[in-house]
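Below is one structure, written out as structure tokens; comments come after it.
Because the structure is predicted, anything quoted here is derived from the model rather than measured.
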Amino acid sequence: QVQLVESGGGLVQPGGSLRLSCAASGSIFSIYIMGWYRQAPGKQRELVAAIASGGSTNYADSVKGRFTISRDNAKNTVYLQMNSLKPEDTAVYYCNGGMPTMRSSIGGNYWGKGTLVTVSS
């Protein structure tokens with residue numbers, strides 16, 4: 001069993017930055033594809049970024065060039081650095097573990113409870 005706990009959300013002005021963290025329990029973290037998803041009010045959950053155990057990454061077109069996903073397998077932690085934030089990035093961001101593929105729209109078995117990111121002036 002893997003438990004995921006997100007942190008780092010909050011209110012930020014347009015153009016600002018935030019870094020989300022996801023701490024995972026469980027020694028098998030290092031073998032999983034990890035990802036970040038988000039769900040905006042009234043919209044479906046969508047994949048934001050994914051990272052494989054070896055470090056390869058995949059990003060949604062809407063965040064390419066602005067967001068960076070990374071992981072520290074020694075610390076069982078995955079990060080999402082978000083720069084040049086826009087109001088449309090406002091959503092609850094969820095950490096996900098055990099994704100079946102790097103582009104999975106449904107995610108893996110393990111989910112955090114989410115952290116709210118609000119981009120507003």
Side-chain angles (χ1 to χ4, degrees):
Q1 189 75 9
V2 176
Q3 292 183 325
L4 304 175
V5 179
E6 303 99 334
S7 61
L11 173 65
V12 63
Q13 292 186 341
S17 298
L18 281 176
R19 188 174 84 152
L20 305 183
S21 298
C22 172
S25 64
S27 59
I28 56 175
F29 166 86
S30 63
I31 69 171
Y32 283 150
I33 298 174
M34 299 295 297
W36 288 94
Y37 291 73
R38 67 186 180 186
Q39 187 166 19
K43 295 187 176 181
Q44 289 188 330
R45 188 178 296 182
E46 62 175 358
L47 174 65
V48 176
I51 185 166
S53 58
S56 57
T57 58
N58 175 55
Y59 295 95
D61 288 343
S62 59
V63 306
K64 281 181 181 176
R66 300 189 297 122
F67 290 12
T68 302
I69 189 171
S70 61
R71 67 192 294 165
D72 185 335
N73 289 336
K75 294 182 178 179
N76 282 5
T77 302
V78 62
Y79 305 96
L80 185 68
Q81 177 67 43
M82 305 185 294
N83 299 329
S84 302
L85 282 160
K86 304 175 181 180
E88 50 263 44
D89 294 317
T90 295
V92 177
Y93 284 71
Y94 297 91
C95 181
N96 180 251
M99 294 173 61
T101 70
M102 293 284 283
R103 299 181 184 277
S104 173
S105 61
I106 60 173
N109 290 332
Y110 305 108
W111 291 92
K113 293 183 178 181
T115 185
L116 177 63
V117 172
T118 304
V119 185
S120 175
S121 55

message: A quick test of your reading: do over 12 heavy atoms of other residues, nucleotides or ligands sit less than 6.0 Å from CD of Q3?
response: no
message: With clusters defined by side-chain heavy atoms of hydrophobic residues (ILVMFWY) lying less than 4.5 Å apart, directly or transitively, does W111 cluster with V92?
response: yes
task: Can you measure from CD1 (I51) to CE (M99) and round to the nearest 0.5 angstrom?
output: 11.5 Å
field: Where P100 and G107 come nearest, the two heavy atoms and their spacing
entry: CD-O, 3.6 Å
A49 to L80 - nearest heavy-atom pair and separation: CB-CD1, 4.2 Å
- request: State whether the side chain of Y59 and the backbone N or O of I69 hold a donor-acceptor pair below 3.5 Å, judged by distance alone.
  value: yes
message: Just verifying a value: how many Å separate Q44 CD and S105 OG, rounded to the nearest 0.5 Å?
response: 9.0 Å
statement: Of all heavy-atom pairs linking T101 and S104, the shortest is OG1-N, 3.1 Å
message: How long is the straight-line distance from OH of Y79 back to CG of D72, given to the nearest 0.5 Å?
response: 5.0 Å
Exercise: identify the closest heavy-atom pair between M34 and C95: CE-SG, 3.9 Å
Cluster link V63 to V78, ILVMFWY, side chain under 4.5 Å: yes
query: Per the side chain to side chain contact (heavy atoms under 4.5 Å, CB included) rule, which among E6, Q81, M82 passes with L20?
result: M82
Close side-chain approach of W36 to F67, heavy-atom, < 4.5 Å: no
query: Short question: side chain of R71, backbone of A52 - any donor-acceptor pair under 3.5 Å?
result: yes
- prompt: Roughly how far, to the nearest 0.5 Å, is OG of S56 from CD1 of I33?
  reply: 7.5 Å
- line: L4 and C22 have their tightest heavy-atom pair at CB-SG, 3.9 Å
query: S120 and P14: which non-hydrogen atoms are nearest, and at how many Å?
result: C-CD, 3.6 Å
query: Which pairs count as side-chain hydrogen bond (donor to acceptor under 3.5 Å, both in side chains) when at least one residue sits in residues 87-99, sequence neighbours excluded?
result: R38-D89, R38-Y93, R66-D89
- prompt: Which distance, rounded to the nearest 0.5 Å, do you find between the OG of S121 and the CG of L11?
  reply: 9.5 Å
